[in-house]
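Worksheet for the structure shown next.
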Amino acid sequence: MPKIRETLNLCFACGPANRDGLRLKFSYTPNRHFVKSVVRLEKRFQGATGFAHGGIIATLLDEAMAKSNGLGGTRAVTLRLDARYRKMVPIKRELHLTGWRTSKRGRKLYLRAELHDAHGNLLCEGRGLFLIVK
Ligand SMILES: CC(C)(COP(=O)(O)OP(=O)(O)OC[C@H]1O[C@@H](n2cnc3c(N)ncnc32)[C@H](O)[C@@H]1OP(=O)(O)O)[C@@H](O)C(=O)NCCC(=O)NCCS
């Protein structure tokens with residue numbers, strides 16, 4: 001089995017080296033622990049309805065929350081993730097993904113994320129609990 005270089009980011013959500021993944025890119029506002037990203041989902045991420053698959057939407061929320069911890073500066077893993085699906089999420093349309101930290105208690109990070117369409121309509125919102133790990 002060949003060794004993977006540590007610098008190679010194969011993350012399904014944000015890894016530029018993962019050709020099958022979402023390749024999300026975020027901009028980060030450190031003092032607010034806030035991130036945002038513009039996303040356009042390809043057809044292969046659709047569900048049976050022809051709209052985005054619910055698991056992929058959860059992945060978007062999860063990654064926005066993860067990145068709001070400092071674009072990888074703080075290593076934390078998801079313990080809980082709650083997604084409220086408000087409206088169907090279209091494929092191949094501009095989407096706006098945001099994530100931010102609401103509080104930190106010891107190693108526990110409480111996070112939120114939202115997905116909007118280009119008109120500002122809320123499509124999905126998430127709450128998460130992450131744990132800082134070594
Ligand atoms: C993170 C992990 C290694 C545990 O680490 P740990 O240092 O042993 O953490 P502990 O089990 O001592 O739990 C730490 C705290 O988190 C809480 N906690 C653990 N899992 C939890 C969960 N799923 N939901 C809510 N709270 C949880 C514990 O109750 C504890 O709280 P306390 O400090 O108030 O008592 C283990 O839970 C894990 O690997 N989980 C899977 C994470 C994952 O794969 N996420 C998806 C990919 S990022």
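Only this structure's heavy atoms are used, side chains among them; waters, hydrogens and symmetry mates stay out. As the structure lists them, so they are numbered: ligands from 1, and atoms in each ligand from 1.
Pro90 and Leu123 make their closest contact through CD-CD1, 4.1 Å (heavy atoms, listed as atom of the first residue, atom of the second, distance).
Residue pairs satisfying the side-chain hydrogen bond (donor to acceptor under 3.5 Å, both in side chains) criterion with at least one member in residues 122-134, sequence neighbours excluded, are listed as follows: Arg86-Glu125.
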Exercise answer: donor-acceptor pairs, residues 106-114 side-chain atoms, under 3.5 Å, sequence neighbours excluded:
residue : atom : partner : partner atom : Å
Arg107  : NE   : Ile132  : O            : 3.0
Arg107  : NH2  : Ile132  : O            : 3.1

Donor-acceptor contacts, no H, no angles, side chain residues 39-61, under 3.5 Å, sequence neighbours left out:
residue : atom : partner : partner atom : Å
Arg40   : NH1  : Lys92   : O            : 3.4
Glu42   : OE1  : Arg44   : NE           : 3.0
Glu42   : OE1  : Arg44   : NH2          : 3.3
Arg44   : NH1  : Asp20   : O            : 2.9
Thr49   : OG1  : Phe51   : N            : 3.1
His53   : ND1  : Gly55   : N            : 2.9
Thr59   : OG1  : Gly55   : O            : 2.8

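By the 4.5 Å heavy-atom criterion applied to side chains, Pro16 and Arg23 are not counted as neighbours. The shortest distance between side-chain heavy atoms of Ser68 and Arg32 does not fall below 4.5 Å.
Within 4.0 Å of ligand 1, protein heavy atoms belong to Val77, Thr78, Leu79, Arg80, Arg107, Lys108, Leu129, Leu131, listed by chain and number.
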